[in-house]
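Since the structure comes first, as structure tokens, the remarks are kept for the end.
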Amino acid sequence: MAKAAKPLTEQGAGSAVEMYVLIGSALSWWETSEQNLASLLRQLCGRVERLAMETFQIAPRAARYKILQSAMKQYAHLFEGDEIERVNAALKNLNRLAEVRNEIAHGFVSEINAQVDEKKVASGCYLVPAFQEGSYAIGDYKYHHVPLTIAAFIEDLRKWRAEIMEVTVSIAMREQAKDQHFPWPYSLEETARNVAARKFHGREALAQLQSLIDLSNGEGT
């Protein structure tokens, strides 16, 4: 549903440069949040499900969220406490912020100075929609942003990005501690991939896995 037009905030930015800096910062933080989601997926299943990572990188945002949530269910044993709930809350809020991100990404900066009945109603630089339907008359913009609204977006975004990052780091630290007890963690996962891909069969497959299990128990050489 299209947003209803609303009056411009009375005071815009003092210069276009001020807006450009904030817009660049907002979009950079957004891309960082996307990278944080990819890092979480890689931590969950990147070792053993490489195709999932490749698909994630080319999928649209809604599909990426579904891929990550599916991985969270599959690898729920890697989470502790309320970590899954924290990630789900972050995804919900990042989805909410996506609309604002699109407004920032697809608008343009315009200097607007206007009066109505000799009263100032707009002064300064604003981020307003490109391809605006209808007129560009004051009050007809379906959205607009000023430094305060973009700064608020950045603050909100960084909060939920931090939640994703903190959970990812916690999982990574726990997995690293587990790896210290097994000298060749990637060998086990590579063997599991080869068995799943039917490169080994029957007794040979069992023997490959058993040899690595024996090594993890200190029984091999």
Side-chain angles (χ1 to χ4, degrees), residues 1-41 55-70 72 85-165 167:
M1 181 180 295
K3 282 188 172 182
K6 61 180 181 179
L8 288 173
T9 304
E10 181 178 330
Q11 187 61 53
S15 70
V17 171
E18 180 183 359
M19 291 295 288
Y20 295 149
V21 169
L22 282 167
I23 291 166
S25 178
L27 297 180
S28 182
W29 279 114
W30 180 264
E31 293 305 313
T32 301
S33 75
E34 292 286 308
Q35 183 61 44
N36 292 141
L37 296 178
S39 295
L40 176 56
L41 182 66
T55 303
F56 185 87
Q57 292 169 4
I58 62 174
R61 180 176 55 82
R64 290 198 299 272
Y65 283 20
K66 289 181 179 179
I67 291 170
L68 182 55
Q69 288 174 321
S70 178
M72 288 165 61
E85 288 76 11
R86 289 170 62 190
V87 173
N88 280 328
L91 290 175
K92 180 179 180 180
N93 280 281
L94 289 172
N95 193 53
R96 169 180 58 83
L97 289 169
E99 181 179 4
V100 182
R101 177 268 175 198
N102 289 339
E103 292 176 353
I104 294 171
H106 299 296
F108 70 97
V109 175
S110 177
E111 183 175 358
I112 302 172
N113 295 286
Q115 292 184 342
V116 175
D117 296 330
E118 298 185 353
K119 178 183 177 181
K120 182 178 71 174
V121 294
S123 176
C125 293
Y126 300 79
L127 179 70
V128 294
F131 307 110
Q132 166 83 8
E133 295 179 4
S135 73
Y136 278 94
I138 300 302
D140 282 351
Y141 295 103
K142 58 184 177 182
Y143 71 82
H144 70 274
H145 289 284
V146 294
L148 283 177
T149 60
I150 299 177
F153 166 82
I154 294 172
E155 183 179 0
D156 201 3
L157 172 61
R158 291 183 64 183
K159 171 185 175 181
W160 298 111
R161 167 193 172 272
E163 286 287 284
I164 299 290
M165 186 170 60
V167 171

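Note that the structure is a prediction, hence the values are computed from the model and not measured.
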Please report, to 0.1 Å, the donor-acceptor pairs under 3.5 Å made by any side chain of residues 14-22, with sequence neighbours excluded.
residue	atom	partner	partner atom	Å
Ser15	OG	Glu18	N	3.2
Glu18	OE1	Gly14	N	3.1

Considering all heavy atoms, the nearest [X]-[Y] contact:
X: Lys142; Y: Pro129; answer: CG-CG, 3.8 Å
X: Ile150; Y: Ala26; answer: CG2-CB, 4.0 Å
X: Ala90; Y: Ile164; answer: CB-CD1, 3.7 Å
X: His144; Y: Tyr126; answer: CD2-CD2, 4.2 Å
X: Ser110; Y: Val128; answer: CB-CG2, 4.1 Å

Are [X] and [Y] side-chain neighbours, meaning at least one heavy-atom pair lies under 4.5 Å?
X: Ile23; Y: Val109; result: yes
X: Tyr143; Y: Val100; result: no
X: Arg101; Y: Leu27; result: yes
X: Asn93; Y: Leu157; result: no
X: Leu94; Y: Leu37; result: yes

Quick test of your reading: applying side chain to side chain donor-acceptor pair (under 3.5 Å), list the pairs with at least one residue in residues 27-41, sequence neighbours left out, ordered by first then second residue. Glu34-Arg64, Asn36-Arg161
Contacts of Asn88 meeting side chain to side chain contact (heavy atoms under 4.5 Å, CB included) (sequence neighbours excluded), chain-then-number -> Gln69, Met72, Ile84, Leu91
Contacts of Ala63 meeting side chain to side chain contact (heavy atoms under 4.5 Å, CB included) (sequence neighbours excluded), chain-then-number -> Ala59, Pro60
Taken in chain and number order and not counting sequence neighbours, the residues that satisfy salt bridge (charged side-chain N to carboxylate O under 4.0 Å, His left out) with Arg96 are Asp156
Rounding to 0.5 Å, atoms CG (Leu97) and NZ (Lys159) come to a distance of 10.5 Å
Working to the nearest 0.5 Å, report the span between CD1 of Ile67 and CG of Leu41. 7.5 Å
Surrounding CD of Glu155 (heavy atoms of other residues, nucleotides or ligands, distance under 6.0 Å), is the total greater than 12? no
Residues pairing under salt bridge (Lys or Arg N to Asp or Glu O under 4.0 Å) where one sits in residues 121-130, two or more places apart or in two chains, turn out to be none
